[in-house]
Amino acid sequence: MRRLLFIFTLFTTFMTLSAATTTQQPDFAFPTKVISKSLADLDKAIDTGNGKLIVRSLIDYDLAQCSIDPDSMKVVLDKIKAVTEQQSDPRTKALLNTLLAGTYSAIYTSQRWIYDNRDIPAAPGNDYKLWSGQQFRDTIISLTESSLADADALKSAPLKDYASIILTGDHTCEFYPTLYDFVTLRAITTLKGLSYQNYMFSINLLCHYDVYESMRFNYTSPVAAHILSLYRDALEFHKHDAAPFIMYDIDRIDFINDNLYTPGDSEDALKKKDELLLDLYNRFSASPYSAEALIAMGSGMPDSKMYDLITKRLAANPRYFNNGCLKNRLLSLTEKSLDAEYNNTVVPGDSLRIKVTNFNTRDYELRLYRIPYVWKYGSSGYQITKSTQLSAPVKTVRVTETDSIPFKKSDYAAAIQITQPGCYIIVPVISGQQVETGRYYPAVHCTDLSIQTAAFNDNRWAYVTNPATGRPATGQVKISVMNGNG
């Protein structure tokens with residue numbers, strides 16, 4: 001929905017079968033037939049001034065020619081350029097320049113490492129195989145500028161009128177209503193593909209549109225400056241149209257955030273990004289399309305506030321086509337989960353303190369189970385599977401929270417006294433549910449023995465102490481040496 005795609009698919013053709021023929025025969029000459037037909041269509045379109053058929057014919061010619069000979073791209077490019085120069089209709093020229101820019105971009109990015117490591121030749125001419133990366137970038141930028149040279153003509157052309165050559169979704173034209181939007185989006189997408197490195201923007205560029213619209217983009221990278229200018233022009237054009245403005249501003253914010261000198265996933269960047277999206281939402285809150293700003297928000301917004309915004313939006317526009325995204329977000333905000341942390345050793349008679357990270361669970365139990373002692377080097381814990389036969393819990397502690405959903409808290413929820421030596425696990429269970437299977441639970445060793453070792457030359461010593469007091473163990477102690485490498 002948020003991305004338009006040029007139709008780079010050939011028309012399906014069917015052979016005319018005689019009455020006696022029941023099976024379609026293979027047609028190995030299909031590409032050459034398409035070339036002949038596309039060139040005939042192109043001549044007809046030029047004679048009649050049919051811009052859409054001109055573009056359609058050149059797309060078919062492009063695909064058919066290159067399917068026969070992948071090295072014939074120069075022939076295709078020369079053909080498109082020759083036709084472009086003949087056109088007087090600004091809409092047709094814009095589409096052809098867009099097609100050229102995309103084609104050059106595909107050639108460049110497919111072997112970027114070769115072109116970028118090549119010195120600029122003195123007289124490269126039109127043979128792109130001799131170009132450097134800089135020449136590709138200059139050409140592509142020039143073509144994107146040419147495609148938008150007569151923006152007013154593109155702004156007056158409804159995108160829906162170009163359904164024969166531009167593929168759109170059910171709601172595309174609501175967000176990108178004109179041919180200007182298509183050409184602008186293709187230019188932005190093409191230019192973004194020209195760099196494999198971040199542009200290192202200042203976080204000050206991550207700002208409200210009212211500030212952004214008056215900024216000067218003085219960047220050493222002409223590609224970055226051009227992209228930022230394209231966003232500004234599109235936002236200015238649609239500043240009174242909710243759906244297009246919202247989508248362009250979301251894209252602008254994402255692009256800047258992804259290219260910050262400060263990492264885009266830093267706490268400050270995430271918070272600032274979501275603040276801008278919230279401002280965008282509030283600006284168009286009367287429109288059902290404001291839901292897109294909520295959908296674009298990340299983790300910089302408190303869960304409780306995000307929950308309130310989504311529930312109100314769903315209530316205000318229950319039939320908005322993209323409500324499924326909001327409902328999924330709501331489910332993630334209210335999903336219940338528990339995770340327990342605790343020490344792996346406790347002395348008989350002492351209490352084991354348990355820290356619980358709790359998402360949205362008001363009532364749950366902490367169950368203490370005794371398990372067989374199985375030592376394994378590198379073990380991540382004791383796994384409970386569907387076939388595991390757990391005995392009854394040694395102890396169960398019930399916990400009730402009073403926080404309003406959604407909530408997250410991580411705190412010491414309980415202390416369980418363990419009196420008998422052995423191996424145990426703590427299993428948190430949401431009230432009304434079964435013990436979760438498939439996960440590993442850290443083992444707790446209840447013992448009054450702790451061992452440390454020392455070695456010198458061929459001699460080794462073991463020191464057995466009480467882990468609570470540090471005093472040497474009393475009585476007889478049996479020590480077994482196990483191979484940690486299996």
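Since the structure is predicted, the reported quantities are computational estimates derived from the model, not experimental observations.
Note on ring orientation: taking the six-membered ring where Trp is involved, the planes of F136 and Y115 are tilted (angle from 30° to 60°). Using a 30° and 60° split on the angle between ring planes, F321 and H171 fall in the parallel class, below 30°.
With salt bridges taken as basic N to acidic carboxylate O contacts below 4.0 Å, none links K408 and D403. Under a 4.0 Å N-O distance rule, the pair K239/E236 qualifies as a salt bridge. No salt bridge links R283 with D249; every basic N to acidic carboxylate O contact stays at or beyond 4.0 Å. With respect to E213 and R232, no salt bridge is recorded, no charged nitrogen being found less than 4.0 Å from a carboxylate O. The pair D116-R137 counts as a salt bridge, with a side-chain nitrogen and a carboxylate oxygen less than 4.0 angstrom apart.
Residues T103 and L100 fail the side-chain proximity criterion, which asks for heavy atoms closer than 4.5 Å. Contact annotation: the side chain of T465 never approaches that of R471 to less than 4.5 Å [non-hydrogen atoms, C-beta and beyond]. Looking only at side-chain heavy atoms (C-beta outward), L96 and Q87 come within less than 4.5 Å of each other. Inter-residue side-chain proximity for S304 and M306 is flagged as unmet; no heavy-atom pair is nearer than 4.5 Å. Inter-residue side-chain proximity for V444 and N343 is flagged as unmet; no heavy-atom pair is nearer than 4.5 Å. Residues R313 and Y281 meet the side-chain proximity criterion, which asks for heavy atoms closer than 4.5 Å.
Geometrically, R252 does not engage Y209 in a cation-pi contact, judged by NZ or CZ lying under 6.0 Å from the ring centre and within 45° of the ring axis. A cation-pi geometry, defined here as NZ or CZ lying under 6.0 Å from the six-membered ring centre and within 45° of its normal, holds between R439 and Y441.
For the atom pair CG (L228) and CZ (F255), the distance works out to 5.5 Å, reported to the nearest 0.5 Å. Expressed to the nearest 0.5 Å, how far CG of L230 lies from OG1 of T144 amounts to 6.5 Å. Atoms SG and CG, from C173 and L159 in turn, are 4.5 Å apart once rounded to the nearest 0.5 Å. Atom CE of residue M200 and atom OG of residue S221 lie 13.0 Å apart, to the nearest 0.5 angstrom. Note that the CD1 atom of I203 and the NZ atom of K272 stand 5.5 Å from one another [nearest 0.5 Å]. To the nearest 0.5 Å, the span separating NE2 on H238 from NZ on K155 amounts to 8.0 Å.
Within 6.0 Å of the CD atom in Q452, the count of heavy atoms belonging to other residues, nucleotides or ligands exceeds 12. For D210, the CG atom is densely surrounded, since the number of other residues' heavy atoms within 6.0 Å is greater than 12. Within a 6.0 Å radius of NZ in K395, more than 12 heavy atoms belonging to other residues, nucleotides or ligands are found.
A donor-acceptor contact under 3.5 angstrom links the side chains of D181 and T178, judged on distance only.
Residues Y219 and F201 bring their aromatic ring centres within 6.0 Å. Remark: aromatic rings of Y289 and F175 are close, center separation under 6.0 Å.
Residues L205 and I256 come closest through the heavy atom pair O-CD1, 3.5 Å. Contact between N204 and M215 at its shortest, heavy atoms only, is O-CE, 3.6 Å. Residues I253 and K273 approach most closely at CG2-CG, 3.7 Å, considering heavy atoms.
The ring pair (Phe, Tyr, Trp, His ring centres under 6.0 Å) test with Y212 singles out one residue from Y248, F217, Y231, and that residue is F217. Checked options L280, D274, L270; the residue passing with M297 is D274 (criterion: side-chain contact (heavy atoms from CB on, under 4.5 Å)). Applying the side-chain contact (heavy atoms from CB on, under 4.5 Å) test between K409 and each of N358, N360, T361 identifies N358 as the sole match.
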* **S142 and T139: CA distance, side-chain angles, deciding distance, side-chain hydrogen bond (donor to acceptor under 3.5 Å, both in side chains) verdict** => CA-CA 5 Å; S142 176; T139 299; over 6 Å; no
* To do: List the steps and the verdict of salt bridge (charged side-chain N to carboxylate O under 4.0 Å, His left out) for R398 and E365.
  => CA-CA 4 Å; R398 292 178 174 82; E365 297 176 349; 3.3 Å; yes
* Assess whether side-chain hydrogen bond (donor to acceptor under 3.5 Å, both in side chains) is satisfied between T400 and D363, documenting all intermediate values. => CA-CA 5 Å; T400 299; D363 298 292; 3.0 Å; yes
* To do: Apply side-chain hydrogen bond (donor to acceptor under 3.5 Å, both in side chains) to S132 and Q135, showing your working.
  => CA-CA 5 Å; S132 67; Q135 287 165 311; 3.3 Å; yes
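The closest donor-acceptor contact from the side chain of S105 to the backbone of A101 lies at 3.5 Å or more, if one exists at all.
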Identify each donor-acceptor pair in which a side-chain atom of residues 411-427 lies under 3.5 Å from a protein atom, sequence neighbours left out, and give them as a table.
residue, atom, partner, partner atom, Å
Q417, NE2, G349, O, 2.8
Y424, OH, Q420, O, 2.7

